[in-house]
Amino acid sequence: MSVSTLATEALAVFAKEVRSELRSRVAINAIGLFGLTTLVAVAYQIGPYQIHEQDRPHLLAALLWIIVFFAALSGLQRVFVKEEDAHTAKTLRLAARPLAVWGGKLLFNVVLLAALEALLVPLYSVLMGMHVVGVAPLVVLLAAGCLAMASTATIVAAIIARASGSGTLFAILAVPLMLPLLVMLIAGTRMAMTSPRWGDLLPALQGVGALAGVTVVASVYLFPVIWHD
Amino acid sequence: MATVRITFSELGKRFGSRIVLRGLSGELRPHCVVAVTGPNGSGKSTLLNLLAGVMRPSSGTVAYLRGDRPVPRHRWHGLLGVAAPDMAVYEELTALENLRFFARLRGLAHTDGELARLLGQLGLASRDVRRPVATFSSGMKQRVKLAQAVVHEPAVLLLDEPSSNLDEEGHATIAALVARFRGRAALAIATNDPREMAWGDERIHLGN
């Protein structure tokens with residue numbers, strides 16, 4: 001298998017996803033509106049002044065990732081569901097290698113989730129008064145969390161794409177898989193709010209990185225089986 | 001380069017308790033167009049799906065052979081061109097963007113001019129190639145579907161009701177396409193149209 005050809009195919013799939021999404025904006029609107037709406041509601045009701053100082057790291061970290069997680073759930077499944085709904089899945093199956101399809105769509109979900117985090121995290125910091133001491137470690141945690149969440153969402157989306165009631169099924173399958181990831185992301189974010197040291201975030205970073213690695217490797221073996229009948 | 005042929009032996013497919021195909025054997029090869037005919041629900045599309053590898057048979061085997069050497073399954077997609085009613089192209093993209101995408105997937109570096117020429121050969125006017133496919137009629141969408149099936153000059157071409165939604169001019173375009181690929185590709189056409197059946201050198205009739 002030529003790695004460069006696989007990469008070229010995956011990039012072609014990614015470019016198509018970006019072009020399609022910029023025209024239709026379905027996932028962008030779903031994720032963006034859900035995230036912003038939830039953020040505004042939380043900021044309005046709770047805000048930076050309703051939380052005791054000693055509780056701030058715990059609550060702010062948890063609320064941030066709840067907002068990001070549910071916003072992601074509202075849109076990341078579309079990469080495969082829309083192919084089945086539009087009857088383009090068979091056309092794509094016949095034209096591209098499975099790993100190229102998976103790679104292109106994973107890259108798209110990573111970019112989408114990264115854009116969501118880039119929008120929400122600074123806004124959240126301002127609206128909720130979240131002060132981060134370890135900025136660099138938090139950025140790395142966000143990137144690792146983005147990859148882990150996107151890779152889990154992508155493979156689950158591929159699994160449920162052909163099922164009826166795929167929206168509900170996606171949540172049912174994705175939530176238990178992402179729960180350990182969420183716990184580690186919340187713990188790492190809490191640590192970044194109180195400590196600038198990389199060492200204090202290392203357990204969370206290692207856990208999130210390991211989950212991302214396991215999901216990606218499992219997807220490489222699982223996706224070709226899922227993709228073909 | 002040696003031509004590609006498809007052999008299938010004792011092919012069968014069941015969906016639950018319903019047996020659609022049973023004990024089917026044959027070969028697709030260049031210079032011999034195979035027309036697959038039969039009443040609705042007889043398994044014409046199912047047979048093409050099995051030959052394309054998008055569906056696994058319940059029994060029997062499908063093999064792609066280049067000369068006498070089997071082609072590994074993960075390489076079939078590069079040899080294959082398929083157009084079928086249950087396939088669609090991306091409606092939010094233009095005809096040209098669709099064809100560029102499918103060409104890139106197959107490692108082709110065709111220019112937009114070359115792709116537009118192919119679309120023109122299949123009856124799409126030059127003023128339409130840069131319009132979103134969502135604005136096309138069903139006949140125009142069919143032409144884009146056919147274009148993506150042949151852009152890479154496939155060694156195997158499977159057409160399921162290729163003239164559906166096409167006018168007389170479209171039917172003539174398909175006839176020219178079949179004539180062009182007759183000598184160079186293993187070609188099968190699933191159809192109930194007598195005019196399309198007439199293109200077949202051999203016939204597989206399903207449903208009895």
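Throughout, protein chains are lettered first and strands after them, A, B, ... in sequence-line order, and every chain is numbered starting at 1. Below, each value reflects all heavy atoms present in this structure, side chains not excepted, and no hydrogens, waters or symmetry copies.
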Worksheet entry | Beyond-backbone contact of B/H77 with A/R97, side-chain heavy atoms, under 4.5 angstrom | yes

Discussion item. So for B/F102, is it side chain, backbone, both, or neither that comes closer than 4.5 Å to the heavy atoms of chain A?
Written reply: side chain

Fill in: Heavy-atom pair with the smallest gap, counting every atom of B/L105 and A/A12
CD2-CB, 4.2 Å

Item to complete: Would you mind checking which part of B/E91 comes under 4.5 Å of any heavy atom in chain A, side chain (CB onward), backbone (N, CA, C, O), both or neither?
Response: neither

Fill in: B/F15 atom CZ, neighbour heavy-atom count above 12 within 6.0 Å
yes

Worksheet entry | Check: B/A88 main-chain N/O paired with A/T91 side-chain donor or acceptor under 3.5 Å | yes

Item to complete: Identify which of B/K145, B/Q148, B/E97, B/R100 forms the greatest number of heavy-atom pairs closer than 4.5 Å to chain A.
Response: B/E97

Worksheet item: Is the number of heavy atoms from other residues, nucleotides or ligands within 6.0 Å of CZ (B/R180) greater than 12?
Response: yes

Worksheet item: How far apart are the closest heavy atoms of A/T88 and B/V89, and which atoms are they?
Response: CG2-O, 3.6 Å

Worksheet entry | Inter-residue atom distance B/F101.CZ - A/R19.CZ, 0.5 Å rounding | 11.0 Å

Worksheet item: Do B/L93 and A/R23 have side-chain heavy atoms sitting under 4.5 Å apart?
Response: yes

Discussion item. Under 4.5 Å from any heavy atom of chain A, what part of B/A83 do you find: side chain, backbone, both or neither?
Written reply: neither

Practice prompt. Side-chain contact test, heavy atoms from C-beta onward, threshold under 4.5 Å: evaluate it for A/L94 versus B/M87 and give yes or no.
Written response: yes

Practice prompt. Check each atom of A/A86 against the heavy atoms of chain B and say whether the ones under 4.5 Å are side chain, backbone, both or neither.
Written response: backbone

Discussion item. Closer than 4.0 angstrom, basic N to acidic O: yes or no for B/E92 and A/K82?
Written reply: no

Fill in: Portion of B/N49 that has a non-hydrogen atom of chain A nearer than 4.5 angstrom
side chain

Worksheet item: Using a heavy-atom distance cut-off of less than 4.5 Å, which residues of residues 170-182 of chain A contact chain B?
Response: none

Fill in: Nearest atoms (heavy-atom pairs only) where A/H228 meets B/G53
ND1-O, 4.3 Å

Discussion item. To the nearest 0.5 Å, what is the distance between CZ on B/R106 and CD on A/E9?
Written reply: 9.5 Å

